[in-house]
Each structure stands twice: as C-alpha cells, then as structure tokens.
S.K.: 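Got a structure here, written out as structure tokens. Questions coming.
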Amino acid sequence: MRHKTVVVGMLPKLDTDPYFQVAKGGAEDAAKEIRRQSVVQAGAIQATAEAQIEFINILWRRRLA
C-alpha cells in the first residue's frame with residue numbers, strides 16, 4: 001500500500017517572529033521523524049488580518065489550509 005505525503009501549511013502571525021521560526025523548526029523535525037510529511041510556512045511581514053489574507057489564499061490554492 002502506498003502512503004500519501006502529508007503537507008502541513010503553517011501561517012504564523014509574523015514570519016519574522018523568532019517564536020514562529022522555532023515552531024517551524026519543530027514542525028520540520030516532526031515531519032522528518034514520520035517521513036511522509038512536509039511543512040510549508042507562509043507569513044506576513046505585518047501583524048494584521050489584512051496582511052494575512054493573501055497568505056491564507058496562497059495556502060488554500062495549494063490545498064494546504
């Protein structure tokens with residue numbers, strides 16, 4: 001039986017926030033551990049809902065949301 005790869009989309013409030021950079025690293029470590037998962041992170045440079053809408057749409061188009 002062939003297993004599908006799972007892709008997890010992460011949308012931090014700010015892409016440059018150190019907290020979310022560490023969270024992405026942890027998600028990538030977990031993905032390596034289970035071997036069928038990858039992580040995609042997209043984030044705004046402004047901490048506003050309006051700035052995140054574009055990234056929500058990007059993840060949605062890639063079917064990661």
S.K.: Grab the two heavy atoms, one from Gln21 and one from Thr16, that are nearest each other, plus how far apart they are.
M.R.: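 That would be NE2-O, 3.5 Å.
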S.K.: If I compare all heavy atoms of Lys13 with all of Gln52, which pair ends up nearest, and what's the gap?
M.R.: CA-NE2, 3.1 Å
S.K.: State yes or no: do Ile58 and Ile56 share one hydrophobic cluster built from I, L, V, M, F, W and Y residues joined by side-chain heavy-atom distances below 4.5 Å, directly or via other members?
M.R.: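 Linked within one cluster.
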S.K.: Does Lys24 come within less than 4.0 Å of Glu28, counting only side-chain N to carboxylate O?
M.R.: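 A salt bridge links Lys24 with Glu28.
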S.K.: What heavy-atom pair brings Met10 and Ala27 nearest, and what distance separates the two atoms?
M.R.: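 Heavy-atom minimum between the residues: SD-CB, 3.7 Å.
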S.K.: Return the minimal non-hydrogen interatomic distance between Phe55 and Leu11, and the atom names on each side.
M.R.: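 Closest heavy-atom pair between Phe55 and Leu11: CB-CD1, 3.5 Å.
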